[in-house]
Structure formats: C-alpha cells, structure tokens
Amino acid sequence: MKKIGLITSGGDCPGLNACIRAVVRTANYYGIQTVGFIRGFKGLIENDYTILDYKSVAGILQRGGTILLTAREPRFKDYEFRKKAYENIKSLDIDALFVIGGNGSFQGAYLLQKEFGLNVIGIPKTIDNDIFGTQYAIGFDTAVNNAMESIDKIKDTTMSHERIFIVEVMGRDSGFIALEVGMATGAEITLIPEYPLPLHVIEEKILKAKKMEKGFAIIVLAEGVASAKELAEILNERLKDKDVGEIRYQVLGYIQRGGSPTAYDRIMASKFGVFAVEKYMEGEKNFMVAFEDGKILSKPLEISFGKIRVPNIKEYEINNILSL
Ligand code: ATP
C-alpha cells in the first residue's frame, strides 16, 4: 500500500484539523495510507508518528488547533537532523511528505526535497495570510472574525464612555489582519507595518474624531507597528492638553488564533487538502497549493519564501475613506 506522511508545522491556527481530515480522507479514498507525524518536524526527527485512518479524523472538522500537535523545531535547520528525518521517512516507505505550514515550514520541506529528493507538498496556513504566492492561507478568516467579534464588544464601551481605544491585533510583519478587521469594525484609524502613518497624522485623526463630535475612536493596530501599551503612552502624553480623555488599550493576543474555524476556513482547508492529494495522484511533485483569483492551483514550493506578500494599497485607502 502506498503511503504519504503528514505534518502540521509552525504556529497553530483554526482549520488545521479540517485540512488533516481532508488529506487523510482523500488519501484513503484513493487507497493510500497516511502516516501523521507528531509535533511537525520534531516528530520526523524523533520518528514519532501515528497511522491516520478514516475513523481517526472523525469529529475534528470543527475543532481549532491540531490533533497532530505542532512545534517550532530549531534542529531542522541543521543538516544532520534533516538527514535523520529523511531516514525515518524512508524507513517507513513513505512516498511523499505533506506539510501544512507557513513559509518557514515550506523552507524546511524544500530542503528535504533538495538534499534527499523527497517529494514534498505544501499546504499554506497562517493567520497572517502573508505567504507569498497564495492569496489565501488557512486560518486567516477565523482570526479576522475572532478579532472582529472582540472589537465589536470593546466598541460598546468605547462609544458609551466616549473614549479613544487602541486594539492591538496579531501581525508581526504584516497588516492583513488589521486591515480586514479595521474595515469590518469601522475603525477610525488602522495602523499596519506596510503603510506607516506618522504620529502627527494619528493625532490629527483623533482630534478630528473629537471635533466632529463623534466622541470616540477605535484604533486597530497591527502588532508589527508598535505595542498598544507603548502607543497609548505616547499618545496620552502628546495629547494631554487636548481634552480627548485617557486613551485606553487592549491586546487581543491568542484569542484570535483559537476556536472553531469559520465555514470559510473549513471549506478552504477541505478544498486545499483534497486538491493536494489529487495533484499528487496525478504525479505532480514538489508543489504548494495556492489560491489565486478564486481558483486553487499548484505552484513550485520555493515561490513562497524569499519574498513577502503585501496588502493592496487600494484596500488601505478604503479604510481611510470610510473612517474619518
Ligand atoms: P507560522 O509563521 O504561521 O507560524 P511557519 O511555518 O512560517 O508558520 P516557522 O516557525 O517559521 O513557522 O517555521 C516552522 C518550522 O519550520 C521551524 O520551527 C523549523 O523547524 C522549520 N524551518 C523554518 N525555517 C527553516 C529553514 N530555513 N530551514 C530548515 N527548517 C526551517
């Protein structure tokens, strides 16, 4: 019986289980067995695995996190450990490795291909949605919805008390979450690393919100720009004589990353998983699943690293037009 390996690697996100289920069920449909390695590359190095059959992925579609667990594994940057991982894969007679991960995980997988000729297939996931080469990565929609629901609640207090509130969302290097959350919540100001706003412009916008007698403002801040605490301190100091009240802040943190995936994430994760296995069945090798202009397609894995995907300036302008 033909066998494939499967890992989830990098940070967890909602939709990983839906994708695991899709890969396992599609493989099963074509008479292929799936070997799931535990904790990503760590499981490959330590030969820690479980056989995933049709039944073992029952009831997981709606669950956040990953039943295979995930980990950061610094040892994978070392050739000796990659060799160990490859030997484990070969000893199990595995024909191809499916990696549900971000661009870091894809780099690790690519090295297995380059150094040992292993067939590796990447399925993109990351709440940040910044993987180059694909317009969608599993987990993003749920993260945006999680953040939106939290900000809607914060907005009740913000409006009732006529406050200025900074809400920090995830996005270390990219502003995709902030951008969409800003639009979905009607934030007065959205701050993302790709299009930095000078402090005096932020101040002007806050004062404009006050002058228009709106009385309140939500500032959605991507964590890559600054910490909410830091920004609140700076703005409170700079605006202390302007009668805007105390600017408060909230860091949403891991709440964004957990919980049940949205319908969109369940569907995309399922489609990505089925597509990956079917392309593999057709004989395609060393590719990543990508989403482009409404279509799922395959691209060379190496396309995903070395470059950064940036938000469209047009989208950023929409937020500016609609806010203040
Ligand atoms: P996310 O950013 O969404 O958490 P990711 O896959 O980019 O996902 P990383 O932490 O960057 O997450 O990478 C996951 C794992 O991939 C690392 O812990 C490491 O084991 C492996 N990896 C990353 N970069 C490399 C590299 N250059 N060479 C070999 N392995 C790598």
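Below, all heavy atoms of this structure are taken into account, side chains as well, without hydrogens, waters or symmetry copies. Predicted model, so just to flag it, every value in this text is computed and none were measured. Atoms within a ligand are numbered from 1 in the order they appear, just like the ligands themselves. All residue numbers in this chain count up from 1 along the given sequence.
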*Got a donor-acceptor contact below 3.5 angstrom from the Thr70 side chain to the Gly10 backbone?*
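A pair under 3.5 Å: yes.
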*Please list, by chain and number, the protein residues whose heavy atoms come under 4.0 Å of ligand 1.*
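Residue list for ligand 1: Ser9, Gly10, Gly11, Phe41, Arg72, Glu73, Phe76, Lys77, Gly102, Asn103, Gly104, Ser105, Gln107, Gly108, Leu111, Lys125, Thr126.
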*Would a 4.5 Å heavy-atom cut-off, applied to side chains only, mark Tyr316 and Leu179 as touching?*
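Side chain of Tyr316 against side chain of Leu179, heavy atoms only: contact under 4.5 Å found.
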_Checking Asn88 against Ser91: is there a side-chain donor and acceptor pair closer than 3.5 Å?_
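The answer is no; no qualifying pair exists.
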*Glu284/Ser298 under side-chain hydrogen bond (donor to acceptor under 3.5 Å, both in side chains): CA gap, chis, key distance, verdict*: CA-CA 9 Å; Glu284 194 157 328; Ser298 61; 2.5 Å; yes
*Near Asp93 CG, under 6.0 Å, is it more than 12 heavy atoms from other residues, nucleotides or ligands?*
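Open: at most 12 neighbouring heavy atoms sit under 6.0 Å from CG of Asp93.
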With a cut-off of 3.5 Å and sequence neighbours excluded, list every side-chain donor-acceptor pair involving residues 94-108.
| residue | atom | partner | partner atom | Å |
| --- | --- | --- | --- | --- |
| Asp95 | OD2 | Tyr280 | OH | 2.5 |
| Ser105 | OG | Ser9 | O | 3.4 |
| Ser105 | OG | Ser9 | OG | 2.8 |

